[in-house]
Amino acid sequence: MHVRSSAGAVWGLLALAGVLLTGCQSPSAGVAEDGRPGGSASGTTTGGSPPVTRPSGYGAVFLAVDECSSFGTTSFTEVPCAGERAAARVVARHDGTVRDGPRCPATTDFVLHISEQRPSSDEDGDGAVPQGYACMRNLQPPHPGDPGGGGGPRTIVGDCVYSSGDGQVREAACDGKGRQEPEYKVTEAVVRRADCPVSTALYVRLGGERPVGCARPL
């Protein structure tokens, strides 16, 4: 069987409460293996909830690189990295949309999408919060973005996948402790399918300079 994959990621959503920024919504939208929106997704999906007011004063830009967010099943908010509520750190931050912007680092655990807002008061006082996205890495394990971790916005060498039907695959934890049993493991990333070893049973779309993942059955 030869199918292509779309990996999944997690998205967050900022909401406005009065003149303060609120926490991002937790991951819910599927994205492709390079962190761009796609039809197939991997990882856990959670629903929305009422916004939580974000304390101000942690930086000139909401969730800038090396700043931290809290983590919950329904919402995120920016918090001091040394605080007990800190759970994930920003490893990359870009303006614009995930579809058109740079890819997140390979071992990103999840992505928070920041929608454009124009409040009367914001981080830098210019009256606008530009659309952007933050690539997040959990401060403590588990790290679904690691090779074999079973999630994250990108599929990389060392990840395992299973067939989800309709020519798509989704990530599964290689240790078999996830909800789905892994069926294939990505062993190499190459430029063309012809560069994969003869033992390859599945071609997985990775994106980037080496867009083809060579996967063997488990």
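A quick note: this is a predicted structure, and the numbers were derived from the prediction, not measured. We're numbering straight along the sequence, starting at 1. Every heavy atom of this structure was used, including side-chain atoms; hydrogens, water molecules and symmetry mates were not.
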Which residue is it: D159, V161, V169, V204? I am looking for the one with a side-chain contact (heavy atoms from CB on, under 4.5 Å) to Y184.
V161
CZ of R170 to CZ of R179, rounded to nearest 0.5 Å, is 10.0 Å
Verify ring pair (Phe, Tyr, Trp, His ring centres under 6.0 Å) between H113 and Y133, making sure each step is shown before the conclusion.
CA-CA 4 Å; H113 174 72; Y133 57 98; 7.9 Å; no
Which atom names give the shortest non-hydrogen contact between V79 and S70, and what distance separates them?
CG2-N, 3.7 Å
I156-V186 co-clustered via ILVMFWY side chain contacts under 4.5 Å
no
Between H143 and D109, do the side chains contain an N or O donor and an N or O acceptor separated by less than 3.5 Å?
yes
Counting distance only, does the side-chain N/O of R93 pair as donor-acceptor with the main-chain N or O of L63 below 3.5 Å?
yes
Between OG1 of T108 and CZ of R154, what distance do you get to the nearest 0.5 Å?
7.5 Å
Tell me, do R205 and P211 make a side-chain contact under 4.5 Å, heavy atoms counted?
no
Among the clusters formed by ILVMFWY side chains lying less than 4.5 Å apart, do Y203 and V190 turn up in the same one?
yes
Spatial distance of atom CE (M136) from atom OG (S69) [nearest 0.5 Å]
3.5 Å
I need the minimum non-hydrogen distance between P147 and T107, along with the two atoms involved.
CD-CG2, 4.5 Å
Nearest heavy-atom neighbours spanning P105 and A92:
CD-CB, 3.9 Å
Which pair of non-hydrogen atoms, one from P182 and one from A173, has the smallest distance, and what is that distance?
CG-O, 3.5 Å
With sequence neighbours excluded, tell me which residues meet side-chain contact (heavy atoms from CB on, under 4.5 Å) with P197.
E188, S199, T200, C214
Rounded to the nearest 0.5 Å, how far apart are SG of C160 and CG of D175?
9.0 Å
Step by step, work out the side-chain contact (heavy atoms from CB on, under 4.5 Å) result for C196 and V212.
CA-CA 8 Å; C196 285; V212 180; 4.2 Å; yes
Reported SG-to-NE2 distance for the pair C104 and H94, which is rounded to 0.5 angstrom:
6.0 Å
Could you check D146 against R137 for salt bridge (charged side-chain N to carboxylate O under 4.0 Å, His left out), going step by step and ending with a plain yes or no?
CA-CA 10 Å; D146 282 353; R137 174 83 173 172; 2.7 Å; yes
Smallest heavy-atom separation, R85 atom then T77 atom, equals NH2-CG2, 3.3 Å
Separation between CZ (R210) and CG (D195), nearest 0.5 Å, reads 8.0 Å
Least distance between heavy atoms, N138 atom then P144 atom:
ND2-CD, 3.8 Å
Is there a donor-acceptor pair closer than 3.5 Å between any side-chain N or O of E67 and the backbone N or O of A64?
yes
Taking the side chain as every heavy atom from C-beta outward, state whether P80 and C68 have any pair of such atoms under 4.5 Å apart.
no
Quick one about E183 and S163 (side-chain donor to acceptor, distance below 3.5 Å, no hydrogens or angles considered), yes or no?
no
